[in-house]
Number of protein chains: 2
Amino acid sequence: MASLKSHNKKEQDLSLTKNQKIVLNLLQNSSEPLKAYSILDSLKTEGLKSPLQIYRALDKLEKLGKIHKIESKNSFIACSNSNCARNTAFTICESCGNVKELKNNYLSDGVNELIKKNKMSITRYNLEFYVLCKNCKTN
Amino acid sequence: MASLKSHNKKEQDLSLTKNQKIVLNLLQNSSEPLKAYSILDSLKTEGLKSPLQIYRALDKLEKLGKIHKIESKNSFIACSNSNCARNTAFTICESCGNVKELKNNYLSDGVNELIKKNKMSITRYNLEFYVLCKNCKTN
DNA sequence: CTTGAATTGTTATATTATTACATAATGTAA
DNA sequence: TTACATTATGTAATAATATAACAATTCAAG
Ligand SMILES: [Zn+2]
Ligand SMILES: [Zn+2]
Ligand SMILES: [Zn+2]
Ligand SMILES: [Zn+2]
């Protein structure tokens with residue numbers, strides 16, 4: 001009989017543990033990046049009560065590419081692409097902190113060219129573009 | 001008489017305060033990014049003995065564009081360009097952590113194109129390219 | 001000189017993240 | 001199945017990173 005290992009997106013989600021699912025779910029329903037201790041606060045009711053439970057889930061989810069860490073904000077955001085392959089690009093509003101992940105397929109051609117021209121042999125990249133979002137522009 | 005404000009590089013350096021000069025000097029002579037508390041340790045002998053003295057100097061130097069923070073490493077590195085105008089790009093070795101700042105004039109054309117294509121109106125950018133450095137490749 | 005902005009020194013505290021160790025659940029192969 | 005390795009959990013303690021608050025000082029602009 002074939003292996004029971006998961007192969008598609010759905011099954012991969014199912015293979016997440018309880019804690020990982022809870023954390024991922026929270027991030028997917030958040031409109032903004034969340035900090036580890038704010039996640040902890042939100043999930044006290046779900047039985048998660050120590051920082052380590054959060055950090056462990058975050059680590060795993062990040063390795064799976066389901067979430068990304070916004071380093072300059074010590075915050076985490078659910079991946080909004082189907083697959084980033086560890087290559088990420090974000091816009092970050094300098095005024096309100098609003099973060100959006102860029103569609104990597106829009107970028108990849110340009111980035112590849114950039115890499116070629118600079119003769120780099122890279123394993124992955126993370127691009128952070130700082131902006132003034134629409135809201136902050138008008139105000 | 002004209003303002004006594006500093007206008008060229010040299011005078012700008014001279015306008016740094018004692019603490020700022022000490023911290024900048026340490027970073028400029030370091031072959032790798034340094035963490036705030038490691039800077040503090042190194043500078044105990046110079047009379048800097050509280051974290052705030054370090055963080056304040058780092059903040060100021062960063063605003064002046066003389067150093068940059070590598071967010072994913074909570075570390076600071078002296079700027080190796082003459083002027084980044086807050087636009088930065090680095091290669092970071094995934095194995096040993098070695099960090100190098102890219103010459104931004106090599107990049108800017110490509111980046112500008114990238115930004116145009118994605119119809120972004122940005123205020124600045126920070127690009128992190130992860131690599132395996134020469135040392136780590138051969139070992 | 002006087003004013004206001006920037007810098008400093010110091011102590012305390014907040015925020016973010018990991019170590020250490022014991023236990024339980026899960027997957028794999030003989 | 002048993003045995004073994006791998007992965008995940010729970011919990012407490014602690015490390016590492018960064019900021020708040022407040023008083024005192026320096027220094028240039030007017
Ligand atoms: Zn993504
Ligand atoms: Zn905004
Ligand atoms: Zn620079
Ligand atoms: Zn290396």
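In what follows, every heavy atom counts, from backbone to side chain, and hydrogens, waters and symmetry copies are set aside. Every value quoted in this text rests on a predicted model; they were computed, and no experiment measured them.
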### Message
I need the CG-P distance between B/Leu40 and C/dT8, as an integer number of Å.
### Response
15 Å
### Task
Report the residues that fulfil side chain to side chain donor-acceptor pair (under 3.5 Å) with A/Ser42, sequence neighbours left out, ordered by chain and then residue number.
none
### Query
Could you state the NZ-C1' distance from B/Lys63 to C/dT7, rounded to the nearest angstrom?
13 Å
### Message
According to side chain to side chain donor-acceptor pair (under 3.5 Å), who are the partners of B/Asn135, at least two apart in sequence or on a separate chain?
### Response
none
### Separation of atom CD1 in B/Ile39 from atom C1' in D/dT17, rounded to whole Å
12 Å
### Query
If you fit an axis to the five pairs at each end of the helix from C/dC1-D/dG30 to C/dA30-D/dT1, how big is the angle between those two axes, to 10 degrees?
40°
#### Entry: Pairs meeting criterion side-chain hydrogen bond (donor to acceptor under 3.5 Å, both in side chains) with involvement of residues 43-53 of chain B, two or more places apart
none
### Task
To the nearest Å, give me how far apart CG (A/Leu16) and P (D/dA8) are.
10 Å
### ring-ring contact (aromatic ring centres under 6.0 Å, His included) contacts in which one or both residues fall within residues 32-82 of chain A, not counting sequence neighbours
A/His68-A/Phe90
### Query
Are B/Thr17 and C/dT8 close enough that a side-chain N or O sits under 4.0 Å from OP1 or OP2?
yes
### Any donor-acceptor N or O pair under 3.5 Å, side chains A/Thr91, B/Tyr125
no
### Query
Does a nitrogen or oxygen in the side chain of B/Lys73 sit under 4.0 Å from OP1 or OP2 of D/dT17?
no
### Task
Round to the nearest Å and state the distance from A/Leu58 atom CG to C/dT18 atom C1'.
14 Å
### Message
Please tell me if A/Asn74 has a side-chain N or O lying less than 4.0 Å from either OP1 or OP2 of C/dT15.
### Response
no
### Query
Who are the side chain to side chain donor-acceptor pair (under 3.5 Å) partners of A/Asn25, not counting sequence neighbours?
A/Asn29
### Summary
In whole angstroms, the gap separating P of C/dT16 from CD1 of A/Ile70 amounts to 15 Å
Under 3.5 Å, which protein N or O atoms sit close to an N or O of nucleotides 10-16 of chain D? Give each pair with its distance.
residue, atom, partner, partner atom, Å
D/dG10, OP2, A/Asn19, ND2, 3.2
D/dG10, OP2, A/Gln53, NE2, 2.4
D/dG10, N7, A/Arg56, NH1, 2.8
D/dG10, O6, A/Arg56, NH2, 2.6
D/dT11, OP2, A/Lys49, NZ, 3.4

### Message
Between A/Arg86 and B/Glu94, does any side-chain N to carboxylate O distance fall below 4.0 Å?
### Response
yes
### Message
Could you tell me how far apart A/Phe76 (CZ) and C/dT16 (P) are, to the nearest whole angstrom?
### Response
10 Å
### Task
Could you check how far OH of A/Tyr55 sits from C1' of C/dT19, rounded to whole Å?
14 Å
### Message
Going by the rule side chain to side chain donor-acceptor pair (under 3.5 Å), which residues pair with B/Asn98 if we only count those two or more places apart in sequence or in a different chain?
### Response
none
#### Entry: Upstream residue (5' side of DNA chain C) when A/Ser38 and B/Ala57 are each assigned their closest nucleotide
B/Ala57
### Nonpolar side-chain network containing B/Leu132, other nodes, edges under 4.5 Å
none
